[in-house]
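Report on the following structure.
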Number of protein chains: 4
Amino acid sequence: MFVEMDLQSEVPLYAQLVDSLIEGIASGALKPGDPLPSVRGLAADLGINLHTVNKAYTLLKQEGFLQVHRKQGVVVNPGGMPGITSAFDDKLTRQLKVLAAESAVRGMSAEAFADRCKEVFRTAVEGGGRLS
Amino acid sequence: MFVEMDLQSEVPLYAQLVDSLIEGIASGALKPGDPLPSVRGLAADLGINLHTVNKAYTLLKQEGFLQVHRKQGVVVNPGGMPGITSAFDDKLTRQLKVLAAESAVRGMSAEAFADRCKEVFRTAVEGGGRLS
Amino acid sequence: MFVEMDLQSEVPLYAQLVDSLIEGIASGALKPGDPLPSVRGLAADLGINLHTVNKAYTLLKQEGFLQVHRKQGVVVNPGGMPGITSAFDDKLTRQLKVLAAESAVRGMSAEAFADRCKEVFRTAVEGGGRLS
Amino acid sequence: MFVEMDLQSEVPLYAQLVDSLIEGIASGALKPGDPLPSVRGLAADLGINLHTVNKAYTLLKQEGFLQVHRKQGVVVNPGGMPGITSAFDDKLTRQLKVLAAESAVRGMSAEAFADRCKEVFRTAVEGGGRLS
DNA sequence: GTGGTCTAGACCACC
DNA sequence: GTGGTCTAGACCACT
């Protein structure tokens with residue numbers, strides 16, 4: 001599995017990993033029930049700290065994306081993904097609003113913005129977030 | 001002018017202020033040439049430190065959204081707003097990708113996502129980001 | 001006489017005025033013995049404060065570029081311009097060094113830099129700093 | 001690494017530091033990928049406040065000269081230096097014009113000016129800005 | 001230990 | 001009064 005970490009990014013490593021894994025699920029590279037690398041294995045692969053991978057897995061477990069079994073390791077939640085919670089809806093709206101506002105100020109039209117959103121969504125689902 | 005600060009948010013205060021001001025411009029509440037409160041005045045209004053306001057103003061000045069007049073204080077750039085730079089385009093795509101992926105994983109359809117984007121954009125432009 | 005003031009510049013107004021007048025002398029628009037506008041006249045023309053013009057004139061007088069007569073007003077020093085003082089030489093070297101270093105870092109060659117310097121000097125002398 | 005701060009200078013400390021670091025890169029004392037001292041360490045070395053160092057680093061980061069690694073601290077951008085942007089070109093021309101005009105007024109010839117520029121450039125590149 | 005953020009209080013140049 | 005700069009001291013997230 002290949003996940004690219006950007007050490008220069010302002011985005012924390014654990015958050016980058018969380019995002020990458022979600023993008024992997026969105027693209028179909030990871031399906032419910034699929035196993036994930038062990039904490040130490042992934043940490044070694046990415047050349048990052050154990051705690052960083054652990055934090056990402058823990059967050060994804062809390063959100064319901066992953067399940068952690070005692071001995072079998074970590075798997076994508078076989079019961080399916082969590083739905084649109086109100087917390088997520090809030091986050092989505094809040095972040096979208098900031099992006100939309102700056103896009104508008106910089107001269108982007110409503111259509112151009114919607115098209116861009118649609119295109120990005122499509123590539124994310126079709127494999128833009130491919131992991132392996 | 002009313003800008004609400006969320007002291008509990010994980011988003012830095014200066015970033016919240018930056019976002020609020022951009023939303024104010026997008027909504028039309030702030031137009032090119034309009035004066036902004038002095039750093040000290042706005043800091044007092046918001047109950048935060050003047051350096052925090054200064055940081056937000058400085059960032060917006062560097063991006064080309066604001067200008068500082070000698071003595072007249074800070075104004076919205078009368079020459080108009082900066083366009084779609086490649087840096088902004090990158091940021092937009094990157095952040096949109098994360099939001100789209102999580103939305104997809106949680107079961108949102110491409111149409112629903114695009115509609116939501118369009119709706120948020122419209123409210124941002126029409127006054128959803130109203131400041132005063 | 002037309003001197004353009006940039007109210008948005010980080011350069012103080014009085015310094016902009018000083019620079020403009022020196023450029024006017026360099027270009028030949030102002031020659032030794034030539035009269036300059038009165039303090040209040042120039043201030044009114046430029047739409048700036050009396051003190052600002054006064055400060056610029058005072059600095060130029062101290063440096064030896066101008067002479068101030070009690071009743072006849074301000075004139076370009078009829079005795080000619082000051083030469084290369086060690087203070088000026090220091091300033092020139094120091095500022096040139098900063099510009100040269102950044103130019104070099106950004107990939108400009110020694111020749112390109114020298115050419116640019118020569119070109120700017122030529123336009124300054126030939127009328128690039130034209131005032132009237 | 002030795003950077004000298006002039007507390008009496010009219011040029012801000014953070015700007016002096018910015019200039020020194022750029023001169024260090026130009027001279028080859030600092031190469032892409034090289035680590036820089038921590039903000040606290042350098043501040044202690046120079047006897048100034050860490051915020052002042054931070055401001056200099058932040059500016060250089062925004063310009064593309066430096067990068068910050070998560071945990072490794074600050075390094076000279078391994079991807080190479082930014083090129084000649086139009087913003088830099090404007091700044092170069094503007095500042096060069098002022099220096100050229102005053103040099104001309106004080107009696108310097110075009111050749112002498114160009115020679116001086118060339119010489120300063122050469123010393124800046126070859127070690128005139130030596131830091132260590 | 002690192003950079004990032006925030007606060008508090010101060011001085012200065014400019015106009 | 002305005003923004004710009006500097007200092008001092010503190011807390012936090014990240015690794």
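Here is how names work: the chains are called A, B, and so on, in the same order as the sequence lines, proteins then strands, and each is numbered from 1.
Side chain of D:Arg40, nearest nucleotide from E:dC15, E:dT2, E:dA8: E:dT2. With F:dG3, E:dG4, E:dT5 as the choices, the nucleotide that has an atom nearest any side-chain atom of B:Val39 turns out to be F:dG3.
Contact check, B:Lys61 against F:dG4: a side-chain N or O comes under 4.0 Å of OP1 or OP2. Here D:Thr52 reaches the OP1 or OP2 of F:dT7: one of its side-chain N or O atoms lies under 4.0 Å away. Taking only side-chain nitrogens and oxygens, A:Lys55 comes nearer than 4.0 Å to OP1 or OP2 of F:dC14.
To the nearest 0.5 Å, atoms CG (D:Leu30) and CD1 (D:Ile22) are separated by 11.0 Å.
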Show me the donor-acceptor pairs, under 3.5 Å and distance only, between side chains in residues 51-63 of chain C and residues at least two apart or in other chains.
{"from": "C:His51", "atom 1": "ND1", "to": "C:Asn49", "atom 2": "OD1", "distance (Å)": "2.6"}
{"from": "C:Tyr57", "atom 1": "OH", "to": "C:Pro37", "atom 2": "O", "distance (Å)": "2.9"}
{"from": "C:Thr58", "atom 1": "OG1", "to": "C:Asn54", "atom 2": "O", "distance (Å)": "2.7"}

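C:Val11 approaches B:Arg70 most closely through the heavy-atom pair O-NE, 3.4 Å. Closest non-hydrogen pair, C:Glu23 versus D:Val98, comes out as OE2-CG2, 3.8 Å.
Of the residues in residues 7-16 of chain B, those placing a heavy atom less than 4.0 Å from an atom of DNA chain E are B:Pro12, B:Leu13, B:Tyr14, in numerical order.
For B:Leu66 and F:dG4, the CG to P distance is 11 Å, given to the nearest whole Å. If you measure from atom CZ of D:Arg70 to atom P of E:dG3, you get 12 Å, rounded to the nearest angstrom. One atom, CD of D:Gln62, and another, P of E:dG4, lie 11 Å apart when rounded to the nearest Å. When rounded to the nearest whole Å, the span between CG of B:Leu42 and P of E:dT7 equals 12 Å. Atom CG of A:Asn54 is separated from atom C1' of F:dT15 by 13 Å (rounded to the nearest Å).
Pair check for E:dC14 finds F:dG1; Watson-Crick or G-U wobble, both atom distances under 3.5 Å.
Within the 4.0 angstrom heavy-atom criterion, base atoms lie near B:His51.
Between the D:Lys97 side chain and the D:Arg94 main chain, no donor and acceptor come within less than 3.5 Å of each other.
Each of D:Leu50 and B:Ser38 was matched to the nucleotide of DNA chain F holding its nearest heavy atom; the match closer to the 5' end belongs to B:Ser38. The residue among B:Asn49 and D:Val74 whose nearest nucleotide of DNA chain E lies closer to the 5′ end is D:Val74.
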